[in-house]
Amino acid sequence: MFAPDPYRCDDPHRLWPLIEAIRLGSVACCDAQGAILVSHIPIVLDRTRGPLGTLIGHFDRRNPHCAALAQADEAVVSFLGPDSGVSPDWYGTAPRVPTWLYVAVQGRGRATMVTDTAGLRDSVVRASALALAEGSTWSADGVEDYMAKLLPHIVGFEIPLHRLEGQLRLAQQNGPEDRARVEAALTAGSLQQRRVAEAMRRFADDLPVMA
């Protein structure tokens, strides 16, 4: 990930909550022929395993990515958070051009494949928790027979991270007044834009000011 210093974040305590909020990761690696494979998968983060954490997920067994990930020296998992374009007329200064704000996290590590029944069940239960609505009473314990039919058709993986980096591109290249104008415009916009504004406020004290 290319991230200029003012946008770069390498603090796992800042990046872990972003992974947990985004949840859907793009897993990428090369196969034996050098072709790049990418799969979009719900990802569970285990903060307690390794200094940078471990990413946990599973594939449909039919996915050729399973074999590629098993033999790859390294996998990359990318998480893209809220994003929005910024219109030049939101600023109070000129000249300006359109730009884009976003939050992104990228982790790297070598995958270990999980094929035993207990490990696969744990992966499914953890991933299922990401999809449950607040207050849901669903439990894996109530669908054991159904789950037993599903497990032979999936392959799990765990990626202990040896590198974790993020980019918080949140208008810190602007002066305080322009930044406030951008935040106000985003706050009045779509749900996605409001999420970018929320990220601007969340990380306001952590972002180096370039202007």
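Predicted model only: the values in this text are computed from it and were never measured.
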> How far apart are the C-alpha atoms of Ile22 and Leu80, what are their side-chain angles, what is the distance that settles it, and do they pass the side chain to side chain contact (heavy atoms under 4.5 Å, CB included) test?
Replying inline: CA-CA 7 Å; Ile22 297 168; Leu80 181 61; 5.9 Å; no

> What's the verdict on side chain to side chain contact (heavy atoms under 4.5 Å, CB included) for Leu45 and Leu55, showing C-alpha distance, side-chain angles and the deciding distance?
Replying inline: CA-CA 5 Å; Leu45 169 68; Leu55 303 181; 3.8 Å; yes

>> Quick one, Trp100 with Asp83, criterion side chain to side chain contact (heavy atoms under 4.5 Å, CB included). Give me CA distance, side-chain angles, the key distance, then yes/no.
In response: CA-CA 7 Å; Trp100 212 267; Asp83 69 279; 2.9 Å; yes

>> As a quick check of understanding, evaluate side chain to side chain contact (heavy atoms under 4.5 Å, CB included) for Leu18 and Arg202, giving each step before the final call.
In response: CA-CA 11 Å; Leu18 291 174; Arg202 177 179 179 182; 3.9 Å; yes

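Heavy-atom contacts from other residues, nucleotides or ligands closer than 6.0 Å to CG of Leu191 number more than 12. For Glu177, the CD atom is loosely surrounded, since the number of other residues' heavy atoms within 6.0 Å does not exceed 12.
Val114 and Phe157 sit in two unconnected hydrophobic clusters of ILVMFWY residues. Membership requires side-chain heavy atoms under 4.5 Å apart, directly or through other members. Residues Val44 and Ile41 fall into different hydrophobic clusters, defined by Ile, Leu, Val, Met, Phe, Trp and Tyr side chains chained together at heavy-atom separations under 4.5 Å. Linking ILVMFWY residues whenever their side-chain heavy atoms come closer than 4.5 Å, directly or via other members, places Trp16 and Leu161 in the same cluster.
Listed by chain and residue number, Tyr146 satisfy the side chain to side chain contact (heavy atoms under 4.5 Å, CB included) test with Leu150 (two or more places apart in sequence, or in another chain).
A distance of 11.0 Å separates CD in Glu20 from CG in Leu15, rounded to the nearest 0.5 Å. Atom CD of Gln71 and atom SG of Cys66 lie 12.5 Å apart (nearest 0.5 Å). Note that OG of Ser87 and CZ of Arg96 are 11.5 Å apart. Values are rounded to the nearest 0.5 Å. Note that NE2 of His58 and CG of Leu151 are 9.0 Å apart. Values are rounded to the nearest 0.5 Å. Rounding to the nearest 0.5 Å gives a distance of 12.5 Å between CD1 of Ile154 and CG of Asn63. Distance check, rounded to the nearest 0.5 Å: CD of Gln106 to CG of Leu164 gives 9.5 Å.
In this structure the side chain of Ile19 never reaches within 4.5 angstrom of the side chain of Val77, judged on heavy atoms. Using a 4.5 Å cut-off on side-chain heavy atoms (C-beta onward), Arg47 and Pro17 make contact. With contacts defined as side-chain heavy-atom distances shorter than 4.5 Å, the pair Met200/Leu101 qualifies. The shortest distance between side-chain heavy atoms of Pro4 and Phe2 falls below 4.5 Å.
Between the side chain of Gln167 and the main chain of Met1, no donor-acceptor pair closer than 3.5 Å is present. Looking at Arg163, its side chain never comes within 3.5 Å of a backbone N or O of Val76 through a donor-acceptor pair. At least one donor-acceptor pair closer than 3.5 Å links the side chain of Asp178 to the backbone N or O of Gly92. For Arg181 (side chain) and Trp90 (main-chain N/O), a donor-acceptor pair under 3.5 Å exists by modelled atom type. Side-chain N or O atoms of Gln193 include none that pairs as donor or acceptor with a backbone N or O of Ala188 at under 3.5 Å. Under a 3.5 Å cut-off, the side chain of Ser128 and the backbone N or O of Val124 do form a donor-acceptor pair. Side-chain atoms of Thr54 come within 3.5 Å of backbone N or O of Arg49 as a donor-acceptor pair.
Applying the side chain to side chain donor-acceptor pair (under 3.5 Å) rule to pairs touching residues 129-142 yields Arg121-Asp141, sequence neighbours excluded.
Between Asp122 and Arg126 there is a salt bridge, since a side-chain N of the basic residue sits under 4.0 Å from a carboxylate O of the acidic one.
With Thr187 as the partner, the side chain to side chain contact (heavy atoms under 4.5 Å, CB included) test is satisfied by one option alone out of Arg201, Glu198, Arg194: Arg201. Screening Leu130, Ile56, Val27, Ile159 against Ile43 for a side chain to side chain contact (heavy atoms under 4.5 Å, CB included) leaves a single residue, Val27.
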